Amino acid sequence: MAAPPAALVSKVKKHFIGIPAPLGYVAGVGRGATGFTTRSDIGPARDANDVSDDRHAPPTKKKKKDEEEDDDEDLNDSNYDEFSGYGGSLFSKDPYDKDDEEADMIYEEIDKRMDEKRKEYREKRLKEELEKYRQERPKIQQQFSDLKRGLTMVSEDEWRNIPEVGDARNRKQRNPRAEKFTPLPDTVLTRSLGGETTSSIDSASGIMSQYPHGTVTPGMLTPSGDLDLRKMGQARNTLMNVKLNQVSDSVEGQTVVDPKGYLTDLHSMIPTYGGDINDIKKARLLLKSVRETNPNHPPAWIASARLEEVTGKIQAARNVIMKGCEDNPKSEDLWLEAARLQPPETAKAVIAQAVRHIPTSVRIWIKAADLESETKGKRKVYRKALEHIPNSVRLWKAAIELEDPEDARILLSRAVECCPTSVDLWLALARLETYENARKVLNKARENIPTDRQIWTTAAKLEEANGNINMVEKIIDRAISSLSANGVEINREQWIKEAIEAEKCGSVKTCQALIKAIIGYGIEDEDRKHTWMEDADSCASQSAYECARAIFSHSLAAFPSKKSIWLRAAYFEKNHGSRESLETLLQKAVAHCPKSEVLWLMGAKSKWLAGDVPAARGILSLAFQANPNSEEIWLAAVKLESENSEFDRARRLLSKARASAPTPRVMMKSAKLEWCLNNLDTALQILEEAIIKFPDYAKLWLMKGQIEEQQEDVDRAHETYNSALKKCPTSIPLWIWLARLDEKRKMLTKARSVLEKGRLKNPHNPELWLEAIRIEFRAGMRDIANTMMAKALQECPNAGILWSEAIFLEARPQRKTKSVDALKKCEHDVNVLLAVSKLFWSERKLQKCREWFNRTVKIDPDFGDAWAYFYRFEVLHGTDETQLDIKKRCIASEPHHGEMWCIVSKNINNWRLTTENILMLVAKDLPIPI
């Protein structure tokens, strides 16, 4: 087929020519071509019908003319502003496209950049302007800063005399209107001329009377006929007085309104339940369902009644509980609840009804007796109850408690017949009977109740009370054998408890017999000593001293050669017994344990404290015969003679001791005696001889250096300390005394060097660190002291003396935190506990301070500083009784340690002072914590 001619093809019109391109069409995009936009596309030359840049955006709908007019402006008055006119954007017609957003972002970045360039200059200028403004107009705080600094010089009296702030102006200046005259309004005058009525109140009767205007009403018109408004105010006061008189007693003039009852009545008008009402409704509905499902379930009725009671509907509660009683007449819980909810008069009727339904209920009878107000009525109820329930022990006891002794004895005789198995009733009857009848009663009780130990112990107490001491042990032995035969388990703890009760009742022989019979029951031979000592301590802690004494006596009979038991018994007698009992025990002790020096010394000291010096010498001579060349006995004899001013005898004893038993302590005591008597040359001579024999005994060197310091021979003392440290480098007191001597010689650097050298020789030693810290503190180097304290706590983290010092090195606000850290590290250290007590004292928390002082002296009674601070505290804040109590406790403890305590007690001038005198001296010089 031939192709058509070209002219024919050119005349055929394409179907898409002249038709607008579809939305989003881009020519050539199917062949991979990309569209582009020229400048003419976005300028004014762009045709209105061309496709927009946002080719995928939906076509904008052309608004109608009416809608454009409606959207132009909101002409409501609330949308009008005086400056900008009616609300609305001026540019709401113009679209905000992406180009606008990008331009705004660019401008914003430019502004931010420019602002950063000018920021430093702007802040500097603002600061200068502010300083200039403050110079021209200073703050009140700056204006008075110099005057405020001057307030530090104001004394306490000047502060008190500062007058109170008030208005210094006169009355006319304060209230300028007070002197002005205010004319009476015309309305008042016209009303007084009209025909209206005016009410007035009679102050005597409180009756309000009415008078027509135009007449003179009482109290309203002045003699001149003018209306006095002051009388109106007085009338108001009169009305108030009448109301007050109505609630006052006409006889005494006192108010009859009970303020407590008034408030109670107001409170009762408010619902007492504060929960959600919906919960109440749900609970009420649920309980109703329970009652209807099972009406014979008493707890449902009780719960329902209590729900109504809680919500304040007491009458509804009574109705519910009575309905429950009708449905369950045999439930004593329901009747008791009904009686509780009813008033007293109605409750009696309810209980009477309950008794008719349940005559054998003990609780209902007791409730009926409680409702009676008179004793006669209670007796009548109980006797009626016993007719119905004769075997109720509870009813018998309640009835007997209301009777006189004679009537009670008659009732008890009947009670034991009805209740033969009640131990309490038998014992009560035995107490009310005579001796012979009581023995018969107890015998009958044993026949009826062969398994109870209380009947046997009561029989033993009865025999002891009537002087039959020999029968006590027999009864107790027979009790154990009888109870064992009847299958009763013998429990040691229960029998020991029975012995303690017997002692508290005053039956000493019975308690001793009980202890003797039961002490060895069921214990292995190897456990006897340990178990018996624990039993003795337990009895002593319960103040049962006779029981503990009986245990010690039995233990010593079983172990007569045990020195530890004799010592514990001796300390027990010293703390809880008399001097005679202690000396008697010690005589037996030294007979069985003659080689025990402590027992000899305790006996000699007891005689010496009693003032019997010859007897004390005799005991020491016997002790010396049993223990020849005993250092302790030698020194005890020397102390006895020196304390009684027999210095020549003491010297002879020491001379013999040095010849026969030349120990370092004997040499030291010899030198100390001469030092105390101020024979310094003799003391130095003895010390030099002793140092040659015992060069490694540090106390000899220390005494020699102290005596040389007392003689003011500082160079020689310095040489002595240095020589001593070569022989005894581990003696901490020598390092400390040498450092203090250098500090006294104004050689602070040397003192520091000595202590540092001591710390190198004796690492982890808190005493040397403490002395170094105190030297810096005394020199005024507080910062260095704090730094050293931190290092010391790192090296010795559990040293209580360092923590106690660190607490008060801190400023006041940080002390409490430091004390908490100290207690975490050293919970039971007496130095830390004492520091905490002083901290509470400085904060004036007196009760807490007293508690912590008590805790401190209880943990370590040998710590004298705690006793001294405690006594000082009670002198300032306590009473005479508390001071005397602290003094007695301190004397009984005989403390020997503590920094402040040893400064006084080891002063050579105070060598003959007693514990009481040392306590007074130490407490006198103690500073008050601040």
Side-chain angles (χ1 to χ4, degrees), residues 563 586 590 593-609 612-708 710-711 713 716-717 719-721 723-724 726-728 731 733-734 896 905-906 908-909 911-912:
K563 184 180 72 172
L586 289 172
V590 295
C593 304
K595 296 296 182 182
S596 176
E597 300 173 354
V598 180
L599 295 173
W600 288 104
L601 295 177
M602 287 182 70
K605 186 174 183 180
S606 178
K607 291 290 186 183
W608 171 40
L609 293 176
D612 193 354
V613 178
R617 288 174 182 156
I619 290 175
L620 288 175
S621 63
L622 292 173
F624 193 76
Q625 292 175 8
N627 302 275
N629 296 330
S630 171
E631 179 186 273
E632 293 291 339
I633 296 175
W634 275 114
L635 296 179
V638 169
K639 185 176 182 180
L640 176 66
E641 301 298 344
S642 61
E643 291 287 344
N644 290 280
S645 302
E646 297 288 345
F647 302 121
D648 293 333
R649 299 184 67 168
R651 282 194 183 101
R652 288 197 296 270
L653 286 171
L654 286 169
S655 177
K656 291 179 182 178
R658 290 198 302 273
S660 58
T663 63
R665 284 191 67 204
V666 171
M667 303 294 288
M668 183 186 69
K669 292 292 183 180
S670 302
K672 187 175 181 181
L673 178 63
E674 300 298 338
W675 188 11
C676 294
L677 298 176
N678 206 22
N679 299 324
L680 301 184
D681 294 334
T682 307
L684 285 174
Q685 184 179 354
I686 294 172
L687 287 171
E688 288 174 356
E689 294 176 3
I691 286 171
I692 295 172
K693 293 182 179 180
F694 309 103
D696 55 347
Y697 195 71
K699 287 187 178 181
L700 298 173
W701 292 99
L702 195 61
M703 285 179 63
K704 184 173 181 294
Q706 290 172 353
I707 293 173
E708 289 166 349
Q710 185 177 342
Q711 292 178 336
D713 193 350
R716 190 175 173 188
E719 182 181 352
T720 298
Y721 289 142
S723 302
K726 294 177 182 177
K727 300 289 184 180
C728 311
S731 175
L734 283 173
H896 294 91
S905 64
K906 292 191 176 182
I908 205 64
N909 297 321
W911 69 288
R912 300 185 68 179

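Note that this is a predicted model, so its numbers are computed, not measured.
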Does any non-hydrogen side-chain atom of [Y] lie less than 4.5 Å from one of [X]?
X    : Y    : answer
E632 : N627 : no
L673 : K669 : no
L620 : E641 : no
R658 : K693 : no
R912 : C676 : no
Y721 : Q706 : yes

Quick check for you: to the nearest 0.5 Å, what is the distance between [X] atom [atom1] and [Y] atom [atom2]?
X    : Y    : atom1 : atom2 : value
F694 : K699 : CZ    : NZ    : 14.5 Å
E708 : T720 : CD    : OG1   : 3.5 Å
L586 : K607 : CG    : NZ    : 10.0 Å
I633 : L653 : CD1   : CG    : 12.5 Å
I686 : L700 : CD1   : CG    : 11.0 Å
I619 : L599 : CD1   : CG    : 11.5 Å

What pair of heavy atoms forms the shortest contact from [X] to [Y], and how long is it?
X    : Y    : result
S731 : A698 : OG-CB, 3.4 Å
W701 : P695 : NE1-O, 2.8 Å
A717 : G705 : CB-O, 3.7 Å
C593 : W600 : O-NE1, 4.5 Å
A616 : A604 : CB-O, 3.4 Å
A671 : A683 : O-CB, 3.5 Å

Inset, instruction - Take L635 and K639 through the test side chain to side chain contact (heavy atoms under 4.5 Å, CB included) and record every step on the way to the result. - result: CA-CA 6 Å; L635 296 179; K639 185 176 182 180; over 6 Å; no
Given 3.5 Å as the limit, does a donor-acceptor pair link the side chain of [X] with the main chain of [Y], or not?
X    : Y    : value
S621 : G618 : yes
K704 : L684 : no
S670 : V666 : yes

Inset, instruction - Check the side chains of W608 and E643 for a donor-acceptor pair under 3.5 angstrom, ignoring hydrogens and angles. - result: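 Looking only at side-chain atoms, W608 and E643 do not form any donor-acceptor pair under 3.5 Å.
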Inset, instruction - Describe, in one word, how the ring planes of F624 and W634 are oriented to each other, choosing from parallel (under 30°), tilted (30 to 60°) and perpendicular (over 60°). - result: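 It falls in the perpendicular class, over 60°.
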